[in-house]
Amino acid sequence: MNFNIRKLTSTHFSVFHPFGVCNSSNVARTSCFSYFSTLSSDFCLESPQFVGDRIPGEQQKCVNLGSDVDVNIVLARISHGTSEDEVLQSLLSDPACDSIQISDNFVNRVLYRFKDDWKSALGAFRWAQSRPNYKPPPELYDKLVDILGKMKKMEKMRLLLDEMHEDHLISLNTIAKVMRRFAGAREWKEAVRIFDELGKFGLEKNTESMNLLLDTLCKENRVQQAREIFYELKLHIPPNANTFNIFVHGWCKVNRVEEAYWTIQEMKGSGCCPCVISYSTIIKSYCQQFNFQKVYELLNEMQGEGCVPNVVTFTTIMCFLTKSGAFEESLKIAETMKSVGCKPDTLFYNALIHTLGMAHRLQEATRVLKVEMPRNGVQPNTSTYNTIIAMFCHHLQEERAEEFLRDLESSPFCKPDVQTYFPLLKLSFKVGKADGFLKKMLNDIVNKHHLSLDLSSYALLIHGLCRANKCEWAYLIFEDMVRQEITPRYKTCSVLLQEIKQKNMYEAANKIELFMKKMKAA
DNA sequence: ATAGGGTTAG
């Protein structure tokens, strides 16, 4: 098939655009080493042991220590902010790097560590490529493409794509990443151009690749553009149910439920059958509007068409009923679901536990986790524990909260995350246990679980410690926060500054004031 | 990446 979406790609589009803001979210921290040296003298227990970043989907796997050591050698040779070429040169010139046995897993880990640092990622990748007898597999190229796209390095991404093309390494997976990154950079027309170029890469313009393009655009709220493209493409490519579901979701995403509903009619007209996903998507939209009247109407309509709601449908409805305060009605949905023989899963139980907590039925919530879930063979996840821990904290039952924290910490299936601790930290201030208990918890967070605190936990700590008249400690936390490159809120700074001044800690006060000046200037 | 957590706002 050879046709182009001429209307949309006939002009040349600038790669530059005004929204090219660098993604500088505070998600990734290279390490939390600095934490150990600063919190307080009796807080440093042991030297930090590196366990490597957690890689999503690989958390259960045993960590290969040898590989971590090698990754650290590479990390140590790379200083932040240098160019990709400097990174390459420093790795090439280092004898310690020569002895590293390169494997796909190794490169994968390096790329994961540098997922927010394209210069280091690209430099390290070039170095790996330069090693004798090593060729990165296409999937690792894809990861690098994704990193470049995420950091909005569109030209670099294009060049890498050309390089991959020469070696015949481009798959639909590569294209998917490139299109999503272009669209994410508000360069949706470039995404369309990539689709037009599919033939050049030896790939086909078919239903699958068309759906990819349409979904990319819809996820970026360009549903109208997606429609226009679809009207042209459907003359050549047959749509399937996915195609229409993508539009259902796209319309819902921009809050145009009427159009989403209309899409379902269009779907029927095209010989595609609306499925539980089509309806569940629209149901969620009505839920968000708290229009439960419409939700029930749609459930009836589904029934009329023999389309059976599933656990996702029910869980969605429950979540929003609970959010609206209709706890009993939400619990009724849970009953309905069980009575129609729909099997509960983890996310359903999470919603159920949360609802029971909101309804002050703590005993029943506990029973769900302790009895019902094991009986039905449903594993809890981190959120399950987080929900129940937050629930007990909210009801000032710290012993019970800690009991579930211990369960979570010893669970072979899931590990605590930062969110786990937030309600516990908050509670420790509320009940005036802002000392030994808090210290132990912070120690566990950092030393035992190798987690980095996030902006809200840092803020909570600083505010809480100031209020508890422990502003020396609060200042140490503040310093650590800055070292972690997490920018405190202005309010946090001013609260801390006021306390510090009252304690006549002049040097600290100067540092905070300087920091605040820089904040205002930025 | 065709659908489904919650939640702190200190």
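Numbered from 1 within each chain, the chains take letters A, B, ... in sequence-line order.
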Would you call K219(A)-D215(A) a salt bridge at under 4.0 Å N-O?
-> yes
Which pair of non-hydrogen atoms, one from I282(A) and one from I264(A), has the smallest distance, and what is that distance?
-> CD1-CD1, 3.6 Å
Atom of T315(A), atom of L347(A) and distance for their closest heavy-atom approach | CG2-O, 3.7 Å
Which part of the nucleic acid, if any, lies within contact of [X], taking any heavy atom under 4.0 Å across all strands shown: a base, the sugar-phosphate backbone alone, or nothing?
X	value
V495(A)	nothing
N310(A)	base
N381(A)	nothing

Choosing from [options], which nucleotide comes nearest the side chain of [X]?
X	options	result
C319(A)	dG10(B), dG6(B), dG4(B)	dG6(B)
R180(A)	dA1(B), dG4(B), dG6(B)	dA1(B)
K426(A)	dA1(B), dA9(B), dA3(B)	dA9(B)
N242(A)	dG4(B), dT8(B), dT2(B)	dT2(B)
Q419(A)	dG10(B), dG4(B), dG6(B)	dG6(B)
S456(A)	dG4(B), dT7(B), dT8(B)	dT8(B)
T315(A)	dA3(B), dG4(B), dG6(B)	dG4(B)
K219(A)	dA9(B), dA3(B), dT7(B)	dA3(B)
R467(A)	dT7(B), dG10(B), dG4(B)	dG10(B)
L460(A)	dT2(B), dG10(B), dG6(B)	dG10(B)

In this structure, how many angstroms lie between the [atom2] atom of [N] and the [atom1] atom of [X], rounded?
X	N	atom1	atom2	answer
M267(A)	dT2(B)	CE	P	14 Å
Y286(A)	dA3(B)	OH	C1'	17 Å
M318(A)	dG6(B)	CE	P	10 Å
N221(A)	dA1(B)	CG	P	18 Å
Y458(A)	dT8(B)	OH	P	22 Å
D146(A)	dA1(B)	CG	C1'	11 Å
L408(A)	dG6(B)	CG	P	18 Å
L214(A)	dA1(B)	CG	C1'	13 Å

When you check the phosphate oxygens OP1 and OP2 of dG4(B), does a side-chain N or O of K284(A) lie under 4.0 Å from one of them?
-> yes
Would you please say whether a donor-acceptor pair under 3.5 Å links the side chains of D417(A) and T382(A)?
-> no
Any ring pair (Phe, Tyr, Trp, His ring centres under 6.0 Å) involving residues 363-388 of chain A? Give me the pairs, sequence neighbours left out, ordered by first then second residue.
-> none
Residues forming a ring pair (Phe, Tyr, Trp, His ring centres under 6.0 Å) with Y141(A), sequence neighbours excluded = F125(A)
